[in-house]
J.: 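Dropping the structure in here first, questions after.
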Amino acid sequence: MALFLLFILAALILAYLGGEAIAWSLLLTIGILLYSLIDPSPLGLLLLWAGYIAAITLLNFPDLRRQYLTTRIFGWVSRVLPGLSDTEKEAIAAGTVSWDGELFSGKPNWHHLLNMPKPELSDAEVAFINGPVNELCTQLDDWEITHERYDLPPEIWQFIKDNGFFGMIVPKKYGGLELSALAHSTAVMKIATRSITAAVTVMVPNSLGPSELLMHYGTQKQRDYYLPRLAKGEEIPCFALTGPQAGSDAGAIPDTGIVCKGEWEGKEVIGLRLNWNKRYITLAPVATVLGLAFKVYDPDKLLSDVVDRGVTCALIPTSTPGVQTGARHLPLNTVFMNGPTWGKDVFIPLDYLIGGEDFIGKGWMMLMNCLAVGRAISLPALATGAGKLSSLTSGAYARIREQFGLPIGYFEGVKEALAPIGGLSYIMDSARCMTAGLLDQGEKPSVPSAILKYHNTEKMRKVVGHAMDIHAGRGVIKGPRNYIARVYQAIPISITVEGANILTRSLMIFGQGSIRSHPYLLKEMEAAQMEDREKGLQEFDHVFFKHIHRNVQLVGRSLMLGLTGSLIAEVPEHHPLSKRYFQHLSRFAAAFALLSDVTLMSLGGDLKRREKISARLGDCLSYLYLASSVLKRFHDDGCPREDAPLLDWAVQHCLYNTQQALHETLKNYPSPILAILMRLVIFPLGRNMEPANDITEDAIADLLLHPSAARDRLVEGVYRSTQPDDPIGRVENAFLLKIAAESAEKALKKAIKAGKLDEGLTLDEQLQQAREKNILTESESQKVRDAAEAVDDAIQVDHFHPDELPVTQSD
Ligand SMILES: Cc1cc2nc3c(=O)[nH]c(=O)nc-3n(C[C@H](O)[C@H](O)[C@H](O)COP(=O)(O)OP(=O)(O)OC[C@H]3O[C@@H](n4cnc5c(N)ncnc54)[C@H](O)[C@@H]3O)c2cc1C
């Protein structure tokens, strides 16, 4: 028995270390020789030796292995692997693999994570953020925009155009600002803390729109013409993909472009006759140039022998006869320009196609590649802005708003709501910065961009919900003083656009990641689909056995790390605050990679229908990614001790959610036997991760309730003002005055409690008596008065005379 256990332990260690074929052969040989000496029963020996010979052959004789084993597996895999539509293939092929690939390997290289350059703004970018971006924020009056004008004022449109906001991603040689992804994201984030309407207006031309498409796929002539005009705001672009029939299933657009001959500028040319009906298109009502996606058909074979040419993108001046734009949708109270566009039998020349004739049918690939970039910036930045704004204002408001004789932030119930505001904002910002850093290194991180789109907007939903709870009536009543209600109203918009969230979680994160970021699966699929079957078999054999080897290693890693509390996992730096987190993440990365593989192998193409499994495995991947970004940020910041509560809350939140996602997957696993086996390997000692405790939660609440370097770091990039006539400045000003008056207020309260001051006095009278009795100095009593006045102003809400409200018809 002891020898048997020793053999199992040796096998586990070998699996953990990723032993090669020769090491396994040696271990098996030692094992069988020892067994033959100890228990020479003939039947047992016969079976064992047969198994031994088969294993040694598989490990060491590839030709025999291919002939007798791989051929069968190859045939089976060809049948069960998911069949992919063309649009799915293009979506999967889009972008590049970066940190998501490390997580899928099951053994992420933490040195690599920490050695990735720290995302930083250049001096010129800092000047842009502190200059024009700040100036724009100062000028924005969100109440006027959303409730009086239903648009940005003309001078703001002009400021945006004049200062290059529409050309943030356009190269300098075309007159753009050529900002890094981090700077672009930081600009959008800051504007969003002031006005979501303005942020979306600036965001769209720089995201998935004509500029991005032209820069990558436009002809030189198109770039030379459009990019300088877009950069200066001489052209306002929009991009129209969605229509009434095709929302999430954008590949199903019914809009068509029929290749035909037509008259253009007095000559007969080959072009396209377009018919489209699109809706929800941001900036369409004011666009001068319409980016349009449609399907091209060439029934008369004027361009090639192929009739159905596929999704294609064009840039069409909205002045072209037949183009209909101008009507507006009203997306809640976020009044950025948005509306439908349609056209019937509109003739355009081939020159209008982005990239020209060569790019007919490549529209989906173009869109997916641009989405991999744009989706990582716009909405994640906007959501992080909402998190930072909530952190700044909820902490300040909870400090100045007193009930039951105390700031509401001192009550445990409110602290419980403050903690996730800080913790989730820290996660959002860490993920935003790390992913922008990847973009700036030239990556097109398609899977991380889906993770960010989903998780940052979902975390925005939670954070702003908590902020609303803390502000209570002050957050509910609309008016110029309210800085949080319009962010709250923008949540469903951010959840819906650029890939609606349910779809993104259920289909995209793991669906794309499992194939795109997996070290072997795509290669296996490609081999299984090769026309040259012999070559396919060779390739498949090579990759498949590497895949098996990896899975053996993952079983060893997962089990050994689970049994040892992850203590044996390697760490990149022995920092006391982060070391254990790296170790736990190593364990869950192995567990996730193993469970992914077992699921892919057992479900095959059926996984596409099993959206709940895909979503939960996507959650595992996402939380591992988010936790990685938090650890990177903490180390990039120099491991500041004061940020420890944020680090603890954030990583514990991610670890706990990873564990829950693994558990939920196993609880609902289609095969009960596999579920039991996997549970033994993944949770050998049960589930032992817990979310942050009360001490950590209270520490985050304190961090938000007091000015500090940690608070400043957390909210860095938010529009900040201390002007008493500014919606946010009013609360921040009161907060700072309240903090300055803290010790004087304490002295005053102590004197009242001790009966040193008369009862029933107004504050002014109390202060006067306190001065007369030398309880407070003149300057101290002034501080108390200033704070009280500022707080009184900051807790007020707006009210409107009926004459000020929009006229309503009662009949
Ligand atoms: C304010 C605003 C601005 C926009 N701007 C633009 C723009 O500039 N250009 C543009 O082309 N489009 C734009 N859109 C369109 C946007 O991208 C779509 O709204 C989005 O793709 C979802 O389409 P839908 O609203 O029709 O929802 P539907 O497709 O009807 O989906 C409804 C729900 O079902 C879920 N769902 C659908 N299929 C699945 C599935 N297979 N599995 C799980 N869940 C699923 C979705 O997640 C969603 O929750 C904008 C939309 C809005 C609201």
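Along the sequence shown, residues are numbered consecutively beginning with 1. Numbering of ligands and ligand atoms starts at 1, following listing order. Given the structure is predicted, the values throughout are model-derived calculations rather than measurements. Quick note: numbers below take in every heavy atom, side chains included, and nothing from hydrogens, waters or symmetry partners.
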J.: Heavy-atom count around Tyr352 OH within 6.0 Å, excluding the residue itself: above 12?
T.: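 Yes, enclosed.
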J.: What protein heavy atom sits nearest atom 25 (O) of ligand 1, and how far off is it?
T.: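 Here the nearest protein heavy atom works out to Tyr280 CE1, 3.7 Å.
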J.: Inspect the contact between Asp255 and Lys295 and indicate whether a charged nitrogen and a carboxylate oxygen are less than 4.0 angstrom apart.
T.: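 Looking at Lys295 and Asp255, the cut-off is not met.
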J.: Report the part of Asn338 in contact with ligand 1, treating N, CA, C, O as backbone and CB onward as side chain, heavy atoms under 4.0 Å; options are side chain, backbone, both, neither.
T.: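 Side chain only.
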J.: Could you find the nearest protein heavy atom to atom 12 (N) of ligand 1 and give me its residue, atom name and distance?
T.: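 Result for atom 12 (N) of ligand 1: Thr242 OG1, 2.7 Å.
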J.: I'd like to check atom 6 (C) of ligand 1 in this structure: does the protein have a heavy atom lying under 4.0 Å from it?
T.: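 Yes, there is a protein heavy atom closer to it than 4.0 Å.
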J.: Out of Gly247, Ala250, Ala287, Pro492, who is nearest to atom 21 (O) of ligand 1 when you count heavy atoms only?
T.: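 Going through Gly247, Ala250, Ala287, Pro492 one by one, Gly247 has the nearest heavy atom to atom 21 (O) of ligand 1.
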J.: Would you tell me whether Ser211 and Asn206 have side-chain atoms, one donor and one acceptor, within less than 3.5 Å of each other?
T.: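 On atom types as modelled, these side chains do not qualify, holding no pair under 3.5 Å.
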J.: Would you mind running through ligand 1 and noting each atom that sits below 4.0 Å from a heavy atom of Phe239?
T.: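 Listed by number with element, the hits are 7 (C), 8 (O), 9 (N), 10 (C), 11 (O).
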J.: Could you tell me whether Arg616 and Asp619 make a salt bridge, using a distance below 4.0 angstrom between a side-chain N and a carboxylate O?
T.: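 So Arg616 does not pair with Asp619 through a salt bridge.
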J.: Do the ring planes of Trp157 and Phe166 sit parallel (below 30°), tilted (30 to 60°) or perpendicular (above 60°)?
T.: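 Ring orientation of Trp157 relative to Phe166: tilted.
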J.: Out of all atoms in ligand 1, which are within 4.0 Å of some heavy atom of Thr496? Include the element for each.
T.: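 Atoms satisfying the 4.0 Å criterion: 19 (O), 20 (C).
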J.: For Ser494, is there any backbone N or O sitting under 3.5 Å from a side-chain donor or acceptor partner on Lys453?
T.: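 Indeed, once roles are kept as given, a pair shorter than 3.5 Å links the two residues.
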J.: Provide the number and element of each atom of ligand 1 under 4.0 Å from a heavy atom of Ala500.
T.: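 Answer, ordered by atom number: 46 (C), 47 (O), 48 (C).
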J.: Looking only at protein heavy atoms, which one is nearest to atom 8 (O) of ligand 1, and what is the separation?
T.: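 The closest one turns out to be Thr282 N, 3.0 Å.
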J.: Tell me the contacting part of Leu507 for ligand 1: side chain, backbone, both, or neither, using a 4.0 Å heavy-atom threshold, strictly below.
T.: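 The answer is the side chain of Leu507.
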J.: Among Ile493, Ile495, Leu503, which one has a heavy atom closest to atom 39 (C) of ligand 1?
T.: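 Considering heavy atoms of Ile493, Ile495, Leu503, the nearest to atom 39 (C) of ligand 1 sits in Leu503.
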J.: Charged N to carboxylate O below 4.0 Å: is that the case for Arg194 and Asp142?
T.: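 No salt bridge links Arg194 with Asp142.
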J.: Heavy-atom contacts with Leu241 under 4.0 Å: which atoms of ligand 1 show up? List them by number with element.
T.: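 Near Leu241, the atoms of ligand 1 are 10 (C), 11 (O).
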J.: For atom 29 (O) of ligand 1, which of the options Ala246, Ser248, Gly243 provides the nearest non-hydrogen atom?
T.: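 Residue with the shortest heavy-atom distance to the ligand atom: Ser248.
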J.: Go through Tyr174 and Tyr226 one step at a time and tell me if the ring pair (Phe, Tyr, Trp, His ring centres under 6.0 Å) criterion holds.
T.: CA-CA 9 Å; Tyr174 293 110; Tyr226 274 118; over 10 Å; no
J.: Could you list which atoms of ligand 1 come closer than 4.0 Å to a heavy atom of Val497?
T.: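 Reading through ligand 1 atom by atom, the close ones are 2 (C), 3 (C), 4 (C), 50 (C), 51 (C), 52 (C).
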J.: Short check: is a protein heavy atom less than 4.0 Å from atom 34 (O) of ligand 1?
T.: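 When distances to the protein are checked, atom 34 (O) of ligand 1 has no heavy atom within 4.0 Å.
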J.: Could you tell me how the ring of His653 sits relative to the ring of Tyr623: parallel (under 30°), tilted (30 to 60°) or perpendicular (over 60°)?
T.: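 The arrangement is perpendicular - the two ring planes meet at more than 60°.
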J.: Classify the side-chain pair Thr146/Asn333 by whether it contains a donor and acceptor separated by less than 3.5 Å.
T.: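 No, no side-chain donor-acceptor contact under 3.5 Å.
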J.: Does Lys278 approach ligand 1 within less than 4.0 angstrom via side chain, backbone, both or neither, non-hydrogen atoms only?
T.: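 Neither; nothing of Lys278 gets under 4.0 Å from ligand 1.
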J.: Among all protein heavy atoms, pick out the one at the shortest distance from atom 42 (N) of ligand 1; state its residue, atom name and that distance to 0.1 Å.
T.: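 Answer, as residue, atom name and distance: Glu611 OE2, 2.8 Å.
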J.: For residues His518 and Asp597, is any side-chain donor paired with an opposing acceptor at under 3.5 Å?
T.: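 Asp597 and His518 do have a side-chain donor-acceptor pair below 3.5 Å.
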J.: For atom 49 (O) of ligand 1, what is the nearest protein heavy atom, given as residue, atom name and distance?
T.: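 Atom 49 (O) of ligand 1 sits closest to the protein heavy atom Ile502 CD1, 3.8 Å.
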